[in-house]
Amino acid sequence: MAQEFYPFKDIEAKWRKRWEETGLFKMDQNSLKKKYYCLMMFPYPSAALHVGHGRNYIIGDSVVRYKIMRGYNVLSPMGFDAFGLPAENAAIKNGIHPEISTLNNIKTMRRQFDSWGAGYDWDREVVSCLPEYYKWTQWIFLQLYKKGLAYKKKAPVNWCPSCQTVLANEQVIDGKCERCSSQVILRDLEQWFFKITDYSQRLLNDLESLEDWPERVKLMQKNWIGRSQGVEIDFKVRDSDIILRCFTTRVDTIYGVTYMVISNEHPAIRELVKGASNKKEIEKFIEETKKENAADRIGADIEKRGVFTGRFVVNPVNNKAVPLWVGNYVVTEYGTGAVMAVPAHDQRDFEFAKKYGLGIEVVIDNPKEPMDASKMKEAYAEEGVMVNSGKFNGLPSLEAIRKIADFMEENKIGKRKVHYKLRDWLISRQRYWGAPIPMIYCDKCGIQPVDEKDLPVLLPRNIKFKPHGESPLKDAPEFVKIKCPKCSGNAKREIDTMDTFVDSSWYFLRYLSPRDDKGPFNKDLVNKWLPVDQYIGGVEHAILHLLYSRFIVKVLYDMGHVGFKEPFAKLFTQGMITKNGIKMSKSRGNVVSSDDLIEKYGADTVRLYTLFISPPEKDAEWGDRGVEGAWRFLNRVWRLIEDNAHAGGWWSVEGGEKDSTEKDKKLKQKTHYTIKKVTEDMEETFHFNTAISSIMELVNEIYEYIGLKHGASGPQLKEAVQTVVILLAPFVPHIAEEMWEKLGNKESVFNAEWPECDKSALNQSTIELPIQINGKLRSKIKAPSAAGEDEIKKLVLNDSLVNKWLEGKEPKKIIVVKGKLVNLVI
RNA sequence: GGGCGAGUGGUGGAAUGGCAUACACGAUGGACUUAAAAUCCAUUGAUCGCAAGGUUGUGAGGGUUCGACUCCCUCCUCGCCCACCA
């Protein structure tokens, strides 16, 4: 009897070659089958991948293979998000050109994808750092420029002194650089922005159409866009022509305004403090708090501080003058940078007023307990009844919001207004390793776009990678010097490059015509294949990448380049693999090498364990021991086929016994239950872990069926074993193919028909009926599965154990649940 | 501070109103073996009992229900996202 391990090395090599030859993953443009575009987020090329990375691709590959088996014309492309900081940082450190290290890493990664058995249509590969790709990233920039959606402005930006570059807000974590953890400072630079804020409302509205996105992700996007409805109110500055506009969502509290605060970066601030007696103090305050802003925007808990400007502003509803302060708690970029302060009904204002002895005036009464301004411990921010509010007294505050807004609009004191937290997208990077921004600066003609026919603007090859606060492209004279496209005079190129999120905001369009040098994508193909049917990636991209991609697609839609408004119909976000409770990463030293494991156990074992470890949307803790279990299981299935092949091959037995015995019925029932379970998991939840465990149960059932004697036969057994092999194929493709061949099939298992669940097989002849008394399990009886309620009740009352528990009493009620459970109430 | 999610054996996890702990890992005992590996068999929430069997048990407390891991309320802990957004 053969007791060797299954020869995974030979098997895996054999089938990989076969898939390559038969083009299993090549999308067929002329196929009549239904299309299915399955997209994995394309990775940044980093050197050695671990099992945590593997999980992403194994999940995606299982979906792809399942859909192929279900008869779809599947498009499963792969590419590389190949521009970015790490390669450039490495170049600074060790002198290796980013292009070389990146292309090397890509080579390694392709090999690793292959080693996981993850198949892609490699003819469609896109690599964002190649001119054939970034030419069109630049084209996208020019489209936005043409539409007035790309503009330049001086803006305070997060600056990492160590990386010598600008960071997006989201790359700043706890005031520190996401990559190098140095303290981030603010710095004013001329930057290119994309006007994503023009699309705020549409990006918000269309979230509702994304029914197959996780609620969590939609909510995160919604909060990020941050729509709030309110009123903008103009306050006149006394003894001045200046008008300060502020925004509030709580216009019902307008009569409770006791002071106003403006941000330390408010545009009118210089003018306002011109004649102030404490001018020095104010200026000192402004300087100090500017420094705080960087840390502040990042979340550090900074105490509220402020300074009086010597000015007063007039409340337009009651003409009352209130003091004007400069404070560190007003967000410059949001609203108008000026806030009407209502200490009685806003916690922040309350704290500030307490600290500086400013007035507190109650204008909304808490219906539950009367309020007294002098005794308040905290602000009352709930609804209530209007008091001290002139003609609005007595109204419920919710109603007052409407009435006061109406009143203000009628009297032109204020105007309803919607604000968003969403900011424009800063795309400039003072970096080499990115797509150059295709713009030219001419002294005579000003800013000029590069002509589309002159694209791509190629990155120069010879560059010194010494950071000096400006883009390294500055040191490449052959790059910088250019003729103005308008007047042909001497001009200079833009030396900044684009944020890599621009590269990744349209790559899914390029896969349909990756080598096309006439356009960024083929309109017909793209309209046929998009939206993407299934997008799979990490939840860390829930906000930025997905929002940017949605934005770019909407812009392209508006310009008539594509016929759809949303890029991704269905989204699945997987969890990450942890080790010792933290994310697997090289710097933390807790990586589990995927290559080593594959060398020892083969790809299928690694795949099976990875999928079995937990539901894929959840984070999962890696345990090396569990791999053994997956390995044992595969050997167990393998033996099932090997041993019986030695014993004569029961799968060839066509006739044999009819499926009449109890044993046969049980096996058939289990087989069809497993089909149902696996199919549901694949279609609905991607819960591969439960799909696999149900297949394990079926294998256990098969072993029980044949007992220890080999050479068992019969149609039921044949069906069960075939089912196991087919159902396993999406998860462990190599061994499944080999076993499928051993079962005498000439065609690939991926051409096999996915089994249908025969519902009649799910009902056994007799079923075991659990009996509860007052909800507690007290007995079990055997009953025919076709038995009616009355018959079941009769059987239950005849059961001796039941009678023992009834102690002669008559049950008040007998509840039969779906013919599967009985509960007696006594 | 706000929002979202989660809390089940020694471990990963299963069950979304109906037999709690499927499936797997680990552990213990046994068979086979000179031995080991592999494989197979048995046991494995806690607790009482020689046993049949009982009691108890899904973060804590309360509620709804014939019946609650599941629904509702209060609280605790952890995780993630956002965060002085007026």
Side-chain angles (χ1 to χ4, degrees), chain A residues 1 3-5 170 214-217 219-224 226-228 230 246-251 253 260-261 263 296-304 327-342 345-349 351-352 381 419-422 539-540 542-543 575 581 608-609 612-615 617-630 632-633 635-636 639 687 689-700 703 708 768-780 811-818 820-826:
Chain A
M1 196 184 306
Q3 286 292 0
E4 283 146 19
F5 304 131
E170 38 291 346
E215 283 307 318
R216 185 161 78 106
V217 172
L219 201 67
M220 276 158 79
Q221 294 224 345
K222 200 177 156 188
N223 291 339
W224 189 259
R227 182 182 202 271
S228 64
C246 71
F247 174 72
T248 182
T249 54
R250 290 295 306 274
V251 72
T253 62
M260 180 180 253
V261 223
S263 141
D296 172 30
R297 93 177 36 196
I298 321 307
D301 213 4
I302 288 169
E303 206 199 338
K304 293 177 185 40
N328 65 345
Y329 73 99
V330 179
V331 180
T332 311
E333 300 85 7
Y334 184 75
T336 60
V339 174
M340 59 176 230
V342 187
H345 305 293
D346 182 287
Q347 189 57 28
R348 292 154 300 177
D349 299 343
E351 285 166 25
F352 193 83
H419 277 281
Y420 301 90
K421 288 186 204 170
L422 187 64
V539 73
E540 65 274 19
I543 298 175
L608 190 72
Y609 174 65
F612 185 62
I613 190 168
S614 93
E617 72 275 12
K618 269 182 67 174
D619 290 348
E621 171 74 13
W622 186 268
D624 281 321
R625 281 169 171 172
V627 182
E628 294 272 352
R632 279 204 287 262
F633 172 72
N635 277 291
R636 196 165 141 86
R639 267 198 314 277
H687 280 183
N689 58 331
T690 53
I692 290 166
S693 74
S694 69
I695 299 172
M696 287 173 168
E697 285 181 57
L698 177 55
V699 170
N700 290 344
Y703 267 98
L708 283 175
E768 201 173 50
L769 216 50
I771 318 270
Q772 299 177 340
I773 294 176
N774 284 346
K776 286 208 165 174
L777 182 70
R778 290 307 186 200
S779 180
K780 280 182 185 182
K812 277 186 211 147
K813 214 171 16 166
I814 303 177
I815 301 160
V816 181
V817 184
K818 291 175 201 158
K820 278 183 187 162
L821 177 141
V822 183
N823 190 22
L824 309 181
V825 187
I826 53 171

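Residue numbering restarts at 1 for every chain, and letters A, B, ... go by the order of the sequence lines.
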Enquirer: What's the closest nucleotide to the A/Ser693 side chain, out of B/A22, B/G18, B/C40?
Expert: B/A22
Enquirer: Counting heavy atoms from C-beta on, name the nucleotide in B/C19, B/C80, B/C84 closest to the side chain of A/Arg216.
Expert: B/C80
Enquirer: Looking only at atom C1', what distance separates B/G59 and B/G9, rounded to whole Å?
Expert: 15 Å
Enquirer: Rounded to whole angstrom, note down the C1' distance from B/C41 over to B/G49.
Expert: 27 Å
Enquirer: Please evaluate the base of B/G12 for a donor-acceptor partner in the side chain of A/Glu621 within a cut-off of under 3.5 Å?
Expert: no
Enquirer: Closer to the 5' end of RNA chain B via nearest nucleotide, is it A/Ile613 or A/Leu824?
Expert: A/Ile613
Enquirer: Where the side chain of A/Lys780 is defined as all heavy atoms beyond and including C-beta, which of B/C19, B/A38, B/U39 is the nearest nucleotide?
Expert: B/C19
Enquirer: Looking at the side chain of A/Asn689, which of B/G12, B/A14, B/A86 is the nearest nucleotide?
Expert: B/A14
Enquirer: Ignoring backbone atoms, test whether A/Tyr609 places a side-chain nitrogen or oxygen under 4.0 Å from the OP1 or OP2 oxygen of B/A24.
Expert: no
Enquirer: Would you say a side-chain N or O of A/Arg778 is under 4.0 Å from OP1 or OP2 of B/C19?
Expert: no
Enquirer: Measure the spacing between CD1 of A/Ile613 and CG of A/Leu608 and express it to the nearest 0.5 Å.
Expert: 11.5 Å
Enquirer: Check every atom of B/A24, B/G3, B/A15 against the side chain of A/Met696 and return the nucleotide holding the closest atom.
Expert: B/A24
Enquirer: Quick check: do A/Val699 and A/Arg636 have side-chain heavy atoms less than 4.5 Å from each other?
Expert: yes
Enquirer: Looking at side-chain heavy atoms only, is the closest gap between A/Tyr609 and A/Phe633 below 4.5 Å?
Expert: no
Enquirer: Which of the following nucleotides, B/C19, B/A86, B/C23, is nearest to the side chain of A/Phe612?
Expert: B/C23
Enquirer: Of the nucleotides B/A15, B/C4, B/C84, which one has an atom closest to the side chain of A/Val331?
Expert: B/C84
Enquirer: At under 4.0 Å, does any side-chain N or O of A/Asn700 touch on OP1 or OP2 of B/A24?
Expert: yes
Enquirer: Ring-plane angle category for A/Tyr334 and A/His419, please: parallel below 30°, perpendicular beyond 60°, tilted otherwise.
Expert: tilted
Enquirer: Choosing from B/C84, B/A86, B/U39, which nucleotide comes nearest the side chain of A/Asn328?
Expert: B/C84
Enquirer: Test your reading of the model: is there a side-chain donor-acceptor pair from A/Asn823 to the backbone of A/Gly775, 3.5 Å cut-off?
Expert: yes
Enquirer: With a 4.5 Å heavy-atom cut-off, do A/Val339 and A/Cys246 have their side chains touching?
Expert: no
Enquirer: Is there a side-chain polar atom (N or O) of A/Thr690 under 4.0 Å from OP1 or OP2 of B/C23?
Expert: no
Enquirer: Side chain of A/Ile543 only, heavy atoms from C-beta on: which candidate in B/A83, B/C23, B/C81 is closest?
Expert: B/C81
Enquirer: Any idea which of B/C19, B/G26, B/G12 is nearest the A/Leu777 side chain?
Expert: B/C19
Enquirer: Verify the contact: side-chain N or O of A/Lys776 to OP1 or OP2 of B/U56, cut-off strictly under 4.0 Å; return yes or no.
Expert: yes
Enquirer: Hey, is the side chain of A/Lys304 pairing donor to acceptor with the base of B/C84 inside 3.5 Å?
Expert: yes
Enquirer: What integer distance in Å separates A/Lys618:NZ from B/G79:P?
Expert: 15 Å
Enquirer: State whether A/Arg632 places a side-chain N or O below 4.0 Å from either non-bridging phosphate oxygen (OP1 or OP2) of B/C25.
Expert: yes
Enquirer: According to a strict under-4.0 Å criterion, is A/Arg639 in side-chain N/O contact with OP1 or OP2 of B/C40?
Expert: yes
